[in-house]
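Notes for the one structure printed next.
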Amino acid sequence: MMAGGKIALLERGIILSSVAYLAFETYKWKRGQTVVHASIKVEDIVEQADYLYGSGETIKLYELLSQYKDRNDAELLWRLARAARDMALLSTTPRDEKKRLVYESFDCAKKALEVDELCWAAHKWYSICLSNVGDYEGIKTKIGNAYIVKEHLERAKELNPKDATTIHIIGVWCYMFADLPWYQVKIASALFGTPPSATFEEALTYFLQAEEVDPHFYSTNLLFLGKTYLKLKNKSLALDWLTKAKDFPARSDEDIEVQKEATDLLKSLGEKI
């Protein structure tokens, strides 16, 4: 349900201070494994973890945070949840290992919430990881979890209204249920009586709000704006946002995929590329 299954790439590209860089440099590695220091403060671990995340070092980040999975600290736990999910998304991760990592990510996010219910990131990653778990448990569980997913996303937004990615994900939630094929709606109605529902107008509100919070923060948000305006039959604005998505500087595989989809949509609308 999450856009492109790559919500983990949303926050990459963070530029840390020289202090964070030095903190990482002084952290010792031996054959790719970190050396555990029981006396290391949570703040230092977080600083090192954020450096690795911003550098795209998924495996090293997971190895680092896994050493502290038994610490009852929400800031470490939600980061481990995110790292485990990122590991599951790697093309080099075996299928069985992907499943284990997905469930591990959910357990970590759940524990983070139990430790600190006021941690906005714990709510955000709990919703994402819960959605991923649904991929392994069938359509009934997936749809049933959709209510809980949105509830936690909205709670994350309430606790931190300035996180554009959370707002974007709520928009994707709305778009997906507004775009649900009739036969899936019928199945959902049979299972739940009143399945989750949304409109493209609601989705548009969230995508625009995400742009207001952080303009051009994410190529996929630009793409969804274009696609939503198409659904609402506003071709002029659809062309505008699709062009922005096409021209967005590609910094990741996801950006490249967005560029391709935006280009294909523009061509289908008669635009010369």
Side-chain angles (χ1 to χ4, degrees), residues 1-3 5-12 14 16 20 40-54 58 61-89 98-137 141-142 144-174 196 206 209-210 213-214 217-218:
M1 184 171 67
M2 298 298 108
K6 296 184 178 178
I7 299 301
L9 296 174
L10 292 174
E11 299 164 3
R12 294 213 169 140
I14 298 172
L16 297 184
I40 293 180
K41 296 180 180 179
V42 169
E43 293 81 2
D44 293 333
I45 301 170
V46 167
E47 197 167 46
Q48 293 152 11
D50 288 348
Y51 179 89
L52 290 173
Y53 184 75
T58 302
L61 173 61
Y62 177 70
E63 290 173 348
L64 168 66
L65 292 173
S66 291
Q67 299 174 91
Y68 305 101
K69 62 184 178 182
D70 294 328
R71 285 203 185 187
N72 289 324
D73 187 281
E75 292 297 322
L76 295 180
L77 287 166
W78 76 254
R79 283 175 169 81
L80 178 55
R82 181 181 64 183
R85 181 179 178 275
D86 280 359
M87 288 287 292
L89 292 175
K98 285 179 183 289
K99 182 177 180 179
R100 185 195 69 76
L101 287 163
V102 164
Y103 279 89
E104 179 186 354
S105 68
F106 174 70
D107 289 342
C108 290
K110 181 180 179 182
K111 188 175 179 182
L113 272 183
E114 292 171 351
V115 171
D116 186 359
E117 197 277 334
L118 295 179
C119 178
W120 70 271
H123 283 281
K124 172 182 175 179
W125 285 96
Y126 179 87
S127 68
I128 294 172
C129 296
L130 178 61
S131 178
N132 293 154
V133 165
D135 293 336
Y136 290 96
E137 299 190 354
T141 298
K142 184 81 169 177
N145 286 344
Y147 293 103
I148 304 172
V149 167
K150 190 179 183 188
E151 175 186 332
H152 283 279
L153 286 171
E154 290 176 338
R155 180 59 171 153
K157 180 176 180 292
E158 178 184 345
L159 291 168
N160 182 10
K162 296 300 182 181
D163 182 57
T165 65
T166 298
I167 301 170
H168 166 80
I169 299 170
I170 299 174
V172 172
W173 189 100
C174 293
Y206 286 110
Q209 190 177 102
V213 169
D214 192 0
F217 73 105
Y218 186 34

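Evaluation of the side-chain hydrogen bond (donor to acceptor under 3.5 Å, both in side chains) rule for Y103 yields E137 as partners, not counting sequence neighbours. With sequence neighbours excluded, the residues forming a side-chain hydrogen bond (donor to acceptor under 3.5 Å, both in side chains) with H152 are H123, listed by chain and number. With sequence neighbours excluded, the residues that form a ring pair (Phe, Tyr, Trp, His ring centres under 6.0 Å) with F106 are Y126. Applying the side-chain hydrogen bond (donor to acceptor under 3.5 Å, both in side chains) test to K98 and every residue at least two apart in sequence or in another chain returns nothing. The salt bridge (Lys or Arg N to Asp or Glu O under 4.0 Å) test applied to K150 returns E154, not counting sequence neighbours. The side-chain contact (heavy atoms from CB on, under 4.5 Å) search around A84 returns Y62, L101, E104, S105, not counting sequence neighbours. Listed by chain and residue number, nothing satisfies the salt bridge (Lys or Arg N to Asp or Glu O under 4.0 Å) test with E151 (two or more places apart in sequence, or in another chain).
Just one of L64, V42, D70 meets the side-chain contact (heavy atoms from CB on, under 4.5 Å) condition when paired with L76; it is V42.
When all heavy atoms of A112 and L77 are compared, the pair lying nearest together is CB-CB, 3.6 Å. Residues A122 and L113 approach most closely at CB-CD2, 3.8 Å, considering heavy atoms. Heavy atoms only, all atoms of each residue included: V102 and A88 are closest at CG2-CB, 3.9 Å. Between D214 and A164, the closest heavy-atom pair is CB-CB, 3.8 Å. Shown here for A83 and T58, the closest heavy-atom pair between the two residues is O-CG2, 4.5 Å.
Side-chain contact between L52 and Q48 is absent, with no heavy-atom pair separated by less than 4.5 Å. Looking only at side-chain heavy atoms (C-beta outward), W78 and R82 come within less than 4.5 Å of each other. Residues L65 and K69 form no side-chain contact, since every pair of their non-hydrogen atoms from C-beta on lies 4.5 Å or further apart.
Of the inter-residue distances, the one linking Y218 atom OH with I167 atom CD1 reads 14.5 Å to the nearest 0.5 angstrom. How far CG of D73 is from CD1 of I45: 8.0 Å, rounded to the nearest 0.5 Å. The structure places CD1 of I128 at 5.5 Å from CZ of R85, a figure rounded to the nearest 0.5 Å.
Between the side chain of W173 and the backbone N or O of A146 there is at least one donor-acceptor pair closer than 3.5 Å. For K142 (side chain) and S131 (main-chain N/O), a donor-acceptor pair under 3.5 Å exists by modelled atom type. In this structure, the side chain of S66 does not engage the main chain of E63 through any donor-acceptor pair within 3.5 Å.
Electrostatic pairing of K157 and D163 does not count as a salt bridge here, judged by no charged N lying under 4.0 Å from a carboxylate O. Taking 4.0 Å as the cut-off between side-chain N and carboxylate O, R79 and D50 count as a salt-bridged pair.
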Side chain to side chain contact (heavy atoms under 4.5 Å, CB included) for K124 and N160? Distances and angles first, verdict last. CA-CA 10 Å; K124 172 182 175 179; N160 182 10; over 6 Å; no
Stepwise side chain to side chain contact (heavy atoms under 4.5 Å, CB included) check, L80 with Q67: CA-CA 10 Å; L80 178 55; Q67 299 174 91; over 6 Å; no
Residue pair Q209, I170: steps toward the side chain to side chain contact (heavy atoms under 4.5 Å, CB included) verdict: CA-CA 11 Å; Q209 190 177 102; I170 299 174; over 6 Å; no
Yes or no on side chain to side chain contact (heavy atoms under 4.5 Å, CB included) for T166 and W120, after CA distance, side-chain angles and deciding distance? CA-CA 10 Å; T166 298; W120 70 271; 4.1 Å; yes
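Sorted pairs that involve residues 105-116 and meet salt bridge (Lys or Arg N to Asp or Glu O under 4.0 Å), not counting sequence neighbours, are lacking altogether.
Between F217 and H168, the ring planes lie perpendicular to each other; the angle is over 60°, past the 30° to 60° tilted range.
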